[in-house]
Every structure is written in C-alpha cells, then in structure tokens.
Amino acid sequence: MSLTEEILSQLPGNVLGGLRSADRILESIRENTAPVPSVVKENQQPLGAVDWDVIICGGTLGILIGCALAVRGLRVALLERGILQGREQEWNISRQELEVFVELNLLTEAELASAIATQYNPARVKFKDGAEVWVEDVLNIGVDPVYLLATLKTKFLAVGGELLENTPFSDVVVHPDGVIVNHQFKAKLLLDVMGHLSPITQQARQGKKPDALCLVVGSCAQGFPANNAGDLILSFTSLQNQCQYFWEAFPARDGRTTYLFTYMDAHPQRLGLEDLFAEYLRLLPEYQGVELSQLKFQRALFGFFPTYRQSPLQTPWHRILPVGDSSGSQSPLSFGGFGAMVRHLKRLTIGIEEALQTEQLSAKALAQLQPYQPSLSVTWLFQKAMSVGVNQTIPPEQINQLLSAVFQEMQQLGTPVLKPFLQDIVQFSALTQTLLKTGLNHPVLVAKIIPQVGLINLLDWLLQYSNLGFYSALFALSPIIETWIKNLPPTQQYYWHRLIDAWKFGSGGDYSNS
C-alpha cells in the first residue's frame, strides 16, 4: 500500500476513490477523449409565459448570485444536483472583499462576523534561496462555508427564491422568448454556475483542450508546530517532474491547511493528482518541519483547474450566461471559486438585473457581462513564466530566481504595488513600475524568460499590456461619461454601463484597500 493510500484510507468517505475519479476526468481532458456534451438546443417556437426571471444551475456558488438577485425582487429558481450545503474546508479571502455581502443586503454585519471562522496575519511570500516578503490582510480570513451557505439559503427562501435540491441539470432548450430547463422549468434567463466542468461550457468550447492546468493537492491536519502566520506562495525545491512546486498554508479552525500546487500544459505525459499527492506527502515534513507520524489528518483536498486563453467565455446562445468558473473569469494564476465569484458579485448582480429590465438577453448583449479584460490576459505570461514545457529544458532554479527578484522589487515599491497583485488584481501603473525595476536590476534573468515563454507569447503579451494601459485611461474618464449616460434611453445605458464595468475590471480599477 502506498503512503497516499494509507493516509487517505484513514479519512471518512471514499477519499481515495474521489481522487482517482478526478484523475480519470483529468486524463480524459489531456487525451481529449471526453465526448462533447449536447445539452443546449434551440427552438424557434415562442415559449409563452415563464415562471421565473432567472434559473440558476449550480447551487454552491450559485446561491451567492441567486440570493443577490432575489433580494432585488427578481423571481429566481436555483437548481442544485445534491443538497445545498457548504464543505467543512474554509474559503480564504481578504476582509474588505467580504463587504459586498453587506452592501448587497445578503448578510448583516453580525452574520458576516459569524461567517468568519479564522483570522490570521501576516502571510509570507518566499522562493528558494530568496528573501522572505511579508504582507498583512491578504487571504487572511477563513470563511465557514457551512454557515455562510445556510444563512444565504434562509435569506433566499425568505425573499421568495425557489430552491430545487437533488435536481441535477440535464438540458436546456433556448426559445426566442425564454429557456426551458430539464423540460419543465421556464425562465427568461439561465445562469450557468456549474464550474469548470459545466456541460454547457464544454459544449460551448466544443472539446477544445485547456491551454493550461493548475493541479492542487493538500490537507487540513492537526499536530503542526504552533504558527499563526500563513504562506501565500512559497517554493523550496528546484524544478521537479518538469514542474515548479508552490505551497500555500493557512491556519484553520481544525488545524492547519497546507496545499501544493503547480502549473502545466495539458500534455498527456504530465503527472496526475495521485502522483502529486505522493509528492505532497514526501515534501510536507520538510516544508512544515514536522514528521507525518505526528499529524492527525482531518481531510484531504485535491482538484485541477483548466484555464483557456479565450476567456471569459462568451456563449453562442441567447439567454444563457456563464458565471464564475464556468465563464473562466478567474486569472490563470488563481483557482477561481469563491474569491473570483465574490469579486464579480456586485457587477454581475447589477448587470443581470439591468439586462432583464431592458430585455437585453441576446448572446451579443449578454457577452457584455463577461467582457475581455486585459488585467486577466496579461497574467497568461506570468503563468507561462511559472511553468515549463513538457520537453523544455531550462536551468532548474530559473523560475525561483525570477520570482524571487520580482517580489523583492515589488516589496521595495510598497504595499500599493504588492498587495493588489497578491489579490489577483493587475494594474498598469504597478505592473509598469515592477517591470522597469526588475528589468534594470536583473536584466540577465529577464532575458532568460524570452526563450522560456516564446517570442509569439511575448508579443501577444505586449498587446495585452498596451490594452491594460488603454483601459486604465478609459476608466479614468468614466466619471465624465457616467454624467452623460444618465440622459440616454435605458437600452443604451445598459451597453454603456457594461463598457465602464469592462474598463474598471479590465484595468484592475475595482481594487479597494479600504
């Protein structure tokens, strides 16, 4: 029996079976053998009266947007394939990002305080043989998903939302005036919140392989030495298995959560989740200064996150909008999920309400709600610089050396540069300052990046970088434009509001440190 099998067999539930099932799905994506679903069909006959304004498929994170829309008086039905309940593992986020729950009347201040299971400070960034960089108030709040989702569920039902548990999504037919889901539920609009492996998303992408993958494994365990600090990103090994390993650690209510993650392409020869879990267990004692025999594992964590250059996804169908991980609206550096959903919650709530009010529910109109964002597109090069091709040869310390140099320069430039980046928000001014300092002080390291990432990728990145500057300039003009917009008809206002949102989020202008 392998060490992975031995440890996972001690945990409740069939954790090893779940890990191997995830590996089979991962293999089918890499081999490109997964059949393309055919769950969306179109019918030119009018549907007539509908029961709801919005049907949401995917309840775990769908309840966030569902509750926000229901609170605003929209008729919302939420389909969840099982029972809507949170997992035991906390969601890590920054405190000011949670304010949106109060702002949208989803939680009271007291409920928000109750949803916070853990808080810690500071957090560390460190790469092999480099200096430590410390930061406060980034991903330092652990939210209790069980409490949060139970509270939102109660609120959702109280304001007239309809929750359909044990109701998996099977298909949707798009009519000119609405959608019918699972042959029975009729609404004006369908929100797909079913995650990375959503069948709607898979059909929209038509079997296209992901451009990159992030694999994550980890656990929550007790028995670690006392430590109230966290790690946001840390590396202590050279290139191994054509992967650069990165670590995260968070104090948790049930012990300490540690993750190992790595970026890679979708080549079939890449290591799988069970292999990576074995690597995690091999290196965890060195990382945390503890023997495995001293640890009492509470639960194991694992997953993979496909990312596509063509993101956010804009579906070819009317009246269907992908939200959250289904849309690919997270950075290729982050895992998406809760944080990415919360970041866009207010923008999407207001935008979806406006789309329904003005009947702007065509594919073209809804695409404005998941617009191109240069702030996301520029991070593709960073992800490329943090990974290596399956047959590529680079010096084993190259990624560590580059990242160590970049983060030291960012630390010297101060919190306004470092903190947004660690929260997945890239801004033109901060990025430009970092590039100039790194280029001047570490020209040899920067030069080595060009053959690693490739000239075409670099040229594409320069275009995205230019657009980031352009969007920043446009967003700076938005207060003047907003004054003018108020006098336009509602339909024109919808499109202008979406443009301003695109400039705001596409330039990192949504960042708040208050």
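What you see below is based on every heavy atom in this structure, not just the backbone, and it leaves out hydrogens, waters and symmetry mates. Since the model is a prediction, treat every value here as computed from it, not as a measurement.
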Do L106 and L64 touch side chain to side chain, with heavy atoms closer than 4.5 Å? no

Applying side-chain contact (heavy atoms from CB on, under 4.5 Å) to F185 and I180, what does each step give before you reach the verdict? CA-CA 5 Å; F185 307 115; I180 182 162; over 6 Å; no

Could you tell me how the ring of Y263 sits relative to the ring of F261: parallel (under 30°), tilted (30 to 60°) or perpendicular (over 60°)? perpendicular

Between CD1 on residue I200 and CG on residue L321, distance to nearest 0.5 Å: 10.5 Å

Given D460 and R309, is the salt bridge (charged side-chain N to carboxylate O under 4.0 Å, His left out) satisfied, shown in steps? CA-CA 11 Å; D460 175 71; R309 292 296 297 265; 2.4 Å; yes

Side chain to side chain donor-acceptor pair (under 3.5 Å) between Q89 and T257: does it pass, once the steps are laid out? CA-CA 9 Å; Q89 185 60 37; T257 303; 3.0 Å; yes

For atom OH of Y308, is the number of surrounding heavy atoms from other residues, nucleotides or ligands below 6.0 Å larger than 12? yes

Between P210 and A266, what is the shortest heavy-atom contact and its length? O-CB, 3.7 Å

Salt-bridged, E165 to K153, with N to O below 4.0 Å? yes

Closest heavy-atom pair, L273 versus A22, reported as atoms and distance to 0.1 Å, is CD1-CB, 3.7 Å

Would D501 and K504 satisfy salt bridge (charged side-chain N to carboxylate O under 4.0 Å, His left out), going step by step from the backbone distance to the final call? CA-CA 5 Å; D501 279 350; K504 180 178 181 176; 5.9 Å; no

Which atom names give the shortest non-hydrogen contact between N92 and L139, and what distance separates them? ND2-O, 3.1 Å

What verdict does the side-chain contact (heavy atoms from CB on, under 4.5 Å) test give for N182 and L79, after you've listed the backbone C-alpha separation in whole Å, the side-chain angles of each residue and the deciding distance to 0.1 Å? CA-CA 10 Å; N182 292 9; L79 272 61; 3.9 Å; yes

Flag if over 12 foreign heavy atoms under 6.0 Å of CD, E42: yes

Got more than 12 heavy atoms from elsewhere within 6.0 Å of NZ, K186? no

Using the side chain to side chain donor-acceptor pair (under 3.5 Å) rule, take H344 and R347 through it: C-alpha gap first, then chi angles, then the decisive distance, then the call. CA-CA 5 Å; H344 295 279; R347 174 181 77 80; 3.2 Å; yes

When rounded to the nearest 0.5 angstrom, what is the spacing between CG in L281 and CG in L3? 5.0 Å

Determine, step by step, whether Q330 and T307 satisfy the side-chain contact (heavy atoms from CB on, under 4.5 Å) criterion, reporting the C-alpha distance in whole Å, the side-chain angles of both residues, the deciding distance to 0.1 Å, and the verdict. CA-CA 9 Å; Q330 83 285 0; T307 52; 4.0 Å; yes

Would you give the length of the straight line joining atom CD1 of I65 to atom CG of L152, rounded to the nearest 0.5 angstrom? 12.0 Å

Donor on one side chain, acceptor on other, Q427 and Y511, under 3.5 Å: no

Testing F475, F470, Y471, Y465 for ring-ring contact (aromatic ring centres under 6.0 Å, His included) with F428, which one passes? Y465

Look at the aromatic rings of H196 and F305 and report parallel, tilted or perpendicular, splitting at 30° and 60°. perpendicular

Distance, nearest 0.5 Å, that separates OG1 of T258 from OH of Y280: 2.5 Å

Would you call the rings of W91 and F338 parallel, tilted or perpendicular, where under 30° means parallel and over 60° means perpendicular? parallel

Measure the CE-CG distance between M386 and L333 for me, rounded to the nearest 0.5 Å. 6.0 Å

Evaluate the criterion salt bridge (charged side-chain N to carboxylate O under 4.0 Å, His left out) for residue pair R343 and E97; output intermediate values, then yes/no. CA-CA 7 Å; R343 181 179 174 189; E97 292 174 279; over 6 Å; no

Identify the heavy atoms of L8 and L19 that sit nearest to each other, and give their distance. CD1-CD2, 3.7 Å

Other residues, nucleotides, ligands: >12 heavy atoms within 6.0 Å of K346 NZ: no

If you measure from CD on E80 to CD1 on I56, what distance do you get to the nearest 0.5 Å? 11.5 Å

Quick one: does V71's side chain get under 4.5 Å of K155's, heavy atoms only? yes

If you count every heavy atom of other residues, nucleotides or ligands that lies below 6.0 Å from I456 atom CD1, does the total exceed 12? no

Using the rule side-chain contact (heavy atoms from CB on, under 4.5 Å), only one of I63, I83, V76, L78 pairs with L163; which is it? L78

So, for S198 and M194, which heavy atoms are closest and what is the spacing to 0.1 Å? CB-CB, 3.7 Å

Side-chain H-bond candidate by donor/acceptor type, Y494 with E359, under 3.5 Å: no

Got a sec: does the CZ of R75 have more than 12 other heavy atoms crowding it under 6.0 Å? yes

Under the side-chain contact (heavy atoms from CB on, under 4.5 Å) test against F302, which residue among L215, D23, V217, L260 passes? V217

Of all heavy-atom pairs linking T118 and R253, the shortest is CG2-N, 3.3 Å

